[in-house]
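Heads up, the thing below is written out as structure tokens.
Because the structure is predicted, anything quoted here is derived from the model rather than measured.
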Amino acid sequence: MAADAPAAPDTPPAPPRDASGDTDAPGRAASTASGRPAMPAAPAVARQAASGPQRAMAKLGLLRDIDLALHLPLRYEDETRLTPIAQARAHAAEAVQVQGKVRDARIDLHPRRQLIVRLADAGGELLLRFLHFHPAQPKQWAPGRLLRVRGELRHGFFGPEMVHPTVRVVDADTPLPAALTPVYPTSAQLPQAYLRKAVASALARAPLHELLPPGSVPLGLPGLRDALQLLHHPAPGTALATLEDRSHPAWQRLKFDELLAQQIAQRIAREERAALAAPALAPRAGGLADRLRGALPWALTPAQQRVVAEIAADLARARPMHRLLQGDVGAGKTVVAALAAATAIDAGWQCAVMAPTEILAEQHFRKLVQWLEPLGVTTAWLTGSRRGKGRRAMLDAVESGAASLVVGTQAMIQEGVIFARLALAIVDEQHRFGVAQRLALRRKLDAQALEPHLLMMSATPIPRTLAMSYFADLDVSTIDALPPGRTPILTKVFADGRRPQVVARIADEVAQGKQVYWVCPLVEESEALDLKNATATHAELAAALPGAEVGLLHGRMAAADKAAVMAHFVAGQIAVLVATTVIEVGVDVPNASLMVVEHAERFGLAQLHQLRGRVGRGAVASACVLLYTPPLSETGKARLRAMAETTDGFEIARRDLAIRGPGEFLGARQSGDALLRFADLQHDDALLATARELAPRLLATHPEAARAQVARWFGGKAEFLKA
């Protein structure tokens with residue numbers, strides 16, 4: 001176990017220069033990232049260069065022997081066989097390896113300075129061309145030298161040739177490699193040859209002994225050391241297709257171990273949290289939550305009632321709640337959060353509601369004030385734009401406990417914000433926050449040795465396989481039905497050439513007294529992306545719709561200006577709102593009937609679904625128009641097809657996972673690190689199910705082995721799984 005714990009970085013010594021003149025050594029021609037030969041360095045420069053690869057390895061996270069052992073090849077090169085030059089001609093545009101003697105090596109100055117080497121074997125001749133080379137290389141590759149060369153053959157003006165191939169000076173009895181040559185993910189500062197030797201060295205040292213008790217590994221999978229040895233150095237006869245699609249048993253073993261480590265880490269996080277103390281917030285009959293429910297102008301749906309009961313049961317326990325509340329756009333999550341807040345406040349504690357943007361935070365603030373202030377609840381508003389005396393007054397109200405409900409952005413987790421009695425933290429759009437931000441909010445009760453209850457909300461439903469893996473330590477509540485009265489949204493996909501017809505449709509909607517959103521991906525022109533910007537679109541629509549008030553909203557506006565624009569739109573004074581994605585979540589204008597998303601191919605599927613959810617929030621028939629600029633990529637086509645075919649957020653989530661992988665749902669959950677490097681949740685669900693079933697048994701019967709498994713795979717990153 002101890003051997004697998006994070007240790008001081010292993011720094012492999014710089015590999016020695018091959019006495020045979022091997023130019024596949026670090027810093028030489030064949031192994032530079034660009035394929036260009038590098039100049040031999042003077043001693044002082046060489047000493048600096050020696051630390052360069054080590055710094056590059058640290059940047060790639062290759063700090064421990066186990067990190068290097070788990071740094072797997074992108075692909076493989078077959079250097080185990082030689083092809084006669086005469087036969088190599090049939091392999092044009094393919095990488096082949098030949099061996100022959102140098103007939104001639106000379107520097108040619110026309111049309112540009114280059115080194116030309118003629119290589120011949122018993123049956124043919126080949127030209128090697130180097131546009132970047134060191135002056136000593138013509139002597140190293142003098143006539144009569146035997147060279148082993150690998151590169152892509154092409155037909156040149158003087159016959160078959162290779163440009164900047166890999167070159168080794170060899171003897172007649174120099175053996176061929178016994179395994180395929182790995183090609184690793186790397187950077188310009190980390191030559192392949194250096195990385196290969198570092199990995200091979202670490203592979204021999206790394207503690208790869210079996211941690212799992214006999215019978216734990218699924219039948220037919222190899223030992224971990226054997227699996228890694230094969231993946232780094234596969235034998236020539238290995239089916240490369242099974243390595244590339246990761247179906248080989250060696251790959252399956254790695255995926256299983258990784259999934260098992262993750263499941264164990266999640267289980268440990270759940271058990272550790274269960275041992276913590278939190279305020280017990282039992283709701284009381286006729287209390288604030290009951291009064292709020294009675295004051296609402298509508299009845300909760302059965303789905304909302306079920307979720308409210310699940311959250312109330314959690315809050316009544318003296319251990320911290322860690323629950324994800326998920327529901328489709330417009331499912332009514334905010335009122336559920338308000339009822340949870342009312343339970344905490346009624347027990348004499350404070351509740352904090354944190355949202356990722358000021359616009360969303362303000363939407364929550366308005367709704368919560370509207371519902372709770374008439375019942376005697378004092379609310380504080382904390383955002384980054386709040387300055388001076390107003391901010392100081394809010395901070396004093398939070399610290400003294402005068403404000404029972406605190407709503408804002410991540411400004412509320414700053415060091416100067418002190419809560420008197422924080423018992424419940426509600427984080428909306430949880431995937432938009434990083435681990436450190438959520439942990440900081442949870443630590444606001446440290447002084448009282450208590451942990452606040454945590455309720456995370458998301459309008460992006462979590463697919464089942466994702467819930468089983470990354471969210472395995474969470475209790476999940478799902479609002480799986482929309483409130484009555486919501487109208488279905490018709491979604492249309494048009495090429496940008498149909499823009500005039502879309503503007504005409506907007507004119508019709510405005511004439512009927514309805515309101516329209518037009519969403520653009522950029523605020524200002526970009527040289528890199530030929531996209532219409534919000535400012536230009538605003539001017540265009542204002543000219544095309546005389547007599548209609550056209551507003552502009554984007555993230556670079558001052559907070560007060562944004563608030564004023566939104567207030568005018570909510571009040572119906574603005575007919576068309578041109579905006580960037582600051583209106584993605586939280587904006588609730590029942591009179592808005594049309595959403596136009598420009599350059600829809602540039603948006604993620606979950607983001608498009610969120611934007612569509614800004615309309616259809618009242619009784620008026622609503623539509624969403626997705627404008628795209630052809631040609632569309634396959635991913636773009638899949639996204640827009642999904643949007644046109646379904647409005648079901650759960651189906652959208654399933655398709656999004658298939659198209660993009662888990663990143664869309666996790667957001668910053670792992671602080672930018674993809675903790676699942678090898679397993680694929682779309683295709684490895686059987687392995688996930690096995691690991692999920694094994695994890696609790698392993699923790700119960702072999703706890704040391706279980707924790708060693710987590711340390712081996714995640715090291716210090718295991719903490720991210722707890723947030």
Side-chain angles (χ1 to χ4, degrees), residues 7-41 43 45-80 95 97 134 140 147-151 164-171 174-208 224-236 238 243 250:
D10 297 309
T11 50
R17 182 185 177 92
D18 193 322
S20 66
D22 178 3
T23 56
D24 196 32
R28 239 81 25 139
S31 57
T32 56
S34 64
R36 300 175 179 177
M39 303 291 188
V45 178
R47 283 195 297 272
Q48 292 174 8
S51 63
Q54 293 164 16
R55 284 197 301 271
M57 287 206 302
K59 218 171 196 178
L60 290 173
L62 305 178
L63 303 175
R64 308 174 296 165
D65 286 334
I66 189 68
D67 298 328
L68 281 160
L70 294 174
H71 190 67
L72 296 181
L74 287 168
R75 56 186 173 84
Y76 303 91
E77 294 176 347
D78 190 354
E79 297 180 343
T80 64
Q97 183 170 245
H134 186 265
Q140 292 175 351
L147 302 184
R148 187 172 293 168
V149 178
R150 189 177 192 280
H164 284 288
T166 301
V167 179
R168 292 190 67 190
V169 178
V170 296
D171 298 320
T174 300
L176 289 164
L180 302 182
T181 303
V183 179
Y184 293 102
T186 187
S187 64
Q189 294 77 36
L190 190 57
Q192 279 290 336
Y194 184 95
L195 187 52
R196 282 175 190 147
K197 291 177 181 178
V199 169
S201 175
L203 197 57
R205 294 191 306 263
L208 298 174
L224 183 61
R225 184 177 292 280
D226 292 341
L228 284 170
Q229 193 65 43
L230 185 145
L231 291 174
H232 284 290
H233 305 292
T238 307
L243 296 181

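Side chain of Arg148 to backbone of Gln97: no donor-acceptor contact under 3.5 angstrom is found. Side chain of Tyr76 to main chain of Leu231: a donor-acceptor pair is present (N/O by atom type, distance under 3.5 Å, no hydrogens or angles).
Counting only heavy atoms from C-beta outward, the side chains of Thr166 and Val149 never approach each other to under 4.5 Å. A 4.5 Å side-chain heavy-atom check between Gln189 and Tyr194 finds every atom pair outside the cut-off. Counting only heavy atoms from C-beta outward, the side chains of Arg196 and Val183 approach each other to under 4.5 Å.
Partners of His232 by ring pair (Phe, Tyr, Trp, His ring centres under 6.0 Å), not counting sequence neighbours, listed by chain and number: Tyr184. Under the rule for a salt bridge (Lys or Arg N to Asp or Glu O under 4.0 Å), Asp226 has no partner lying at least two apart in sequence or in another chain. Taking Arg150 as the reference, Glu77 meet the salt bridge (Lys or Arg N to Asp or Glu O under 4.0 Å) condition, with sequence neighbours excluded. In this view, Leu60 and Leu62, Leu190 satisfy the side chain to side chain contact (heavy atoms under 4.5 Å, CB included) rule, not counting sequence neighbours. Applying the side chain to side chain contact (heavy atoms under 4.5 Å, CB included) test to Pro236 and every residue at least two apart in sequence or in another chain returns Thr80. Considering only residues two or more places apart in sequence or on other chains, Ala227 meets the side chain to side chain contact (heavy atoms under 4.5 Å, CB included) condition with Pro222, Ala250, Arg253, Leu254.
For the side chain to side chain contact (heavy atoms under 4.5 Å, CB included) with Leu203, the lone residue among Leu70, Leu68, Leu208, Ile66 that qualifies is Leu208.
We find the CG-CG distance between Leu230 and Leu180 to be 9.5 Å, quoted to the nearest 0.5 Å. Atom CZ of Arg205 sits about 13.5 Å away from atom CZ of Arg64, to the nearest 0.5 Å.
Nearest heavy atom pair, residue Pro182 against residue Gln192, reads O-OE1, 4.0 Å. Annotation for Ala198 and Met57: closest pair CB-SD, 4.1 Å, computed over non-hydrogen atoms.
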Exercise for the section: Could you walk me through whether Val169 and Leu147 pass side-chain contact (heavy atoms from CB on, under 4.5 Å), step by step? Expected result: CA-CA 5 Å; Val169 178; Leu147 302 184; 3.7 Å; yes
